[in-house]
**Q** 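Here's a structure for you.
The model shown is predicted, which means the values in this text are computed figures rather than measured ones. Each chain gets a letter, A, B and so on, in the order its sequence line appears, and its residues count up from 1. Computed from heavy atoms alone, side chains included, the values below leave out hydrogens, waters and symmetry copies.
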Number of protein chains: 2
Amino acid sequence: MVLKVRKTVKAPPGCPMSKCMDLLRGCWTPEVLWSLSEGPRRFSELRRDNPFISAKVMTTRLRDLEQLGVLTRHVMPTSPPTVEYELTDLGRELLPAIRSIVEVGTRLLLRDSNL
Amino acid sequence: MVLKVRKTVKAPPGCPMSKCMDLLRGCWTPEVLWSLSEGPRRFSELRRDNPFISAKVMTTRLRDLEQLGVLTRHVMPTSPPTVEYELTDLGRELLPAIRSIVEVGTRLLLRDSNL
DNA sequence: CTGTATCCCCGTGGATACTG
DNA sequence: CAGTATCCACGGGGATACAG
């Protein structure tokens, strides 16, 4: 076994932009958070919301985001199991940025179709 | 020589968020665009603005962004050479999203230091 | 001053099969 | 239902040296 010594630093700490981007890392992350913006959702619901995200990636993103304190994972003792994900306060703080991204993207798409 | 046949599709076309994120690809991209938000800048100025971005990556990002129509590259016939980069209209449309990212990040940083 | 050319590492993500 | 386990491909990015 080898310890990871390598620095993973991609941007200097203390920079506002990277502070935010670090939480949005992974090109599917904004989509997942967006799905959660209206309230708690279950794993299968998230998958239905984003049919192009594989189960593996979905799980990875959710685990990472949980680790970062962006969302919470709540397992209910049912059978079959039910798991609910919900944004934390920190997660909700990211929504304005994501909303901007969506708005800009929407405008660009409209532009395209009007050409 | 091998032809690239593999699909590079990361998100379905027609999705607003990916429409915007495609233009912001690369974790240094927002920083570069942010540096250009106040007007045209030269290569060396951009490097000074973002001392953590290597020359190679800076060039790569600038070339990609030029290709995408986000900025223009203007070479002046001086010696030594002078090159100026400037946002296009499309590039300026991305600024609101980037501004949001910066704002959120700033708020998170302030929070941290107030703890 | 404005880049190129290598080389290499690592994270993200796709595909597929399998599980409690 | 809610994941895991593998394996693999690709692209971004760091480091360093070199170039017109």
**Q** Mind checking side-chain contact (heavy atoms from CB on, under 4.5 Å) for A/Val57 and listing every partner two or more places apart, or none if nothing turns up?
**A** A/Trp28, A/Ile53, A/Ser54, A/Arg61
**Q** For a quick test of reading the model: is some side-chain N or O of A/Arg61 closer than 4.0 Å to OP1 or OP2 of D/dG3?
**A** no
**Q** At 4.0 Å (heavy atoms only), tell me whether B/Ser79 reaches a base, stays on the sugar-phosphate, or touches nothing.
**A** nothing
**Q** Between B/Thr59 and A/Asp64, which residue's closest nucleotide on DNA chain C lies nearer the 5′ terminus?
**A** B/Thr59
**Q** Just to verify, what does A/Arg107 make a salt bridge (Lys or Arg N to Asp or Glu O under 4.0 Å) with, not counting sequence neighbours?
**A** B/Glu93
**Q** At 10 degrees resolution, what angle do the end axes of the helix from C/dC1-D/dG20 to C/dG20-D/dC1 form when each is taken over five base pairs?
**A** 50°
**Q** Any sub-3.5 Å donor-acceptor pair from A/Ser37's side-chain atoms to A/Leu33's backbone N or O?
**A** no
**Q** What is the distance, rounded to the nearest whole Å, between atom CG of A/Leu65 and atom P of C/dT12?
**A** 11 Å
**Q** Out of C/dT4, C/dG14, C/dT2, which has the shortest distance to the side chain of A/Val57?
**A** C/dG14
**Q** Considering residues at least two apart in sequence or located in another chain, which fulfil the side-chain hydrogen bond (donor to acceptor under 3.5 Å, both in side chains) criterion with B/Arg63?
**A** none
**Q** Show the distances under 3.5 angstrom between N or O atoms of the protein and N or O atoms of nucleotides 16-20 of chain D.
**A**
none

**Q** Taking only residues two or more places apart in sequence, or in another chain, which ones meet B/Ser79 in a side-chain contact (heavy atoms from CB on, under 4.5 Å)?
**A** none
**Q** Can you tell me how far P of D/dG12 sits from CD1 of B/Ile53, to the nearest Å?
**A** 14 Å
**Q** Can you tell me how far P of C/dT2 sits from CZ of B/Arg63, to the nearest Å?
**A** 12 Å
**Q** Distance check, rounded to the nearest 0.5 Å: B/Thr88 atom OG1 versus B/Leu71 atom CG?
**A** 7.0 Å
**Q** Send over the distance from A/Leu62 CG to C/dG13 P, rounded to a whole Å.
**A** 12 Å
**Q** What residues, two or more places apart in sequence or in another chain, satisfy side-chain contact (heavy atoms from CB on, under 4.5 Å) together with B/Glu103?
**A** B/Arg99
**Q** Measuring from the side chain of A/Arg25 (C-beta onward, heavy atoms only), which nucleotide among C/dT4, D/dG12, C/dT12 has the closest atom?
**A** C/dT12
**Q** Checking B/Thr59 now: which residues fulfil side-chain hydrogen bond (donor to acceptor under 3.5 Å, both in side chains) with it, not counting sequence neighbours?
**A** none
**Q** Using a cut-off of strictly less than 4.0 Å between a heavy atom of the residue and any atom of DNA chain D, enumerate the qualifying residues of residues 39-48 of chain A by number.
**A** A/Arg42, A/Phe43, A/Ser44
**Q** For A/Met58 and C/dT16, give me the distance from atom CE to atom P, rounded to whole Å.
**A** 19 Å
**Q** Not counting sequence neighbours, list each pair that qualifies as a salt bridge (charged side-chain N to carboxylate O under 4.0 Å, His left out) and has a residue in residues 43-58 of chain B.
**A** B/Arg41-B/Asp49
**Q** Roughly how far, to the nearest 0.5 Å, is SG of B/Cys15 from CG of A/Leu109?
**A** 8.0 Å
**Q** Can you name the residues that form a side-chain hydrogen bond (donor to acceptor under 3.5 Å, both in side chains) with A/Ser113, not counting sequence neighbours?
**A** none
**Q** Would you indicate, yes or no, if D/dA2 has its OP1 or OP2 atom less than 4.0 angstrom from a side-chain nitrogen or oxygen of A/Arg73?
**A** no
**Q** My understanding is that only residues two or more places apart in sequence, or in another chain, count here; which of them pass side-chain hydrogen bond (donor to acceptor under 3.5 Å, both in side chains) with A/Arg92?
**A** A/Asp89
**Q** Atom CZ of B/Phe52 and atom C1' of D/dA15: how far apart are they, to the nearest Å?
**A** 16 Å
**Q** Can you identify which nucleotide, out of C/dG13, D/dG12, C/dG3, has its nearest atom closest to the A/Trp28 side chain?
**A** C/dG13
**Q** Quick one: A/Asp22 CG to C/dG11 C1', roughly how many Å, whole number?
**A** 13 Å
**Q** Quickly work out the B/Asn50 CG to C/dT2 P distance and round it to whole Å.
**A** 15 Å
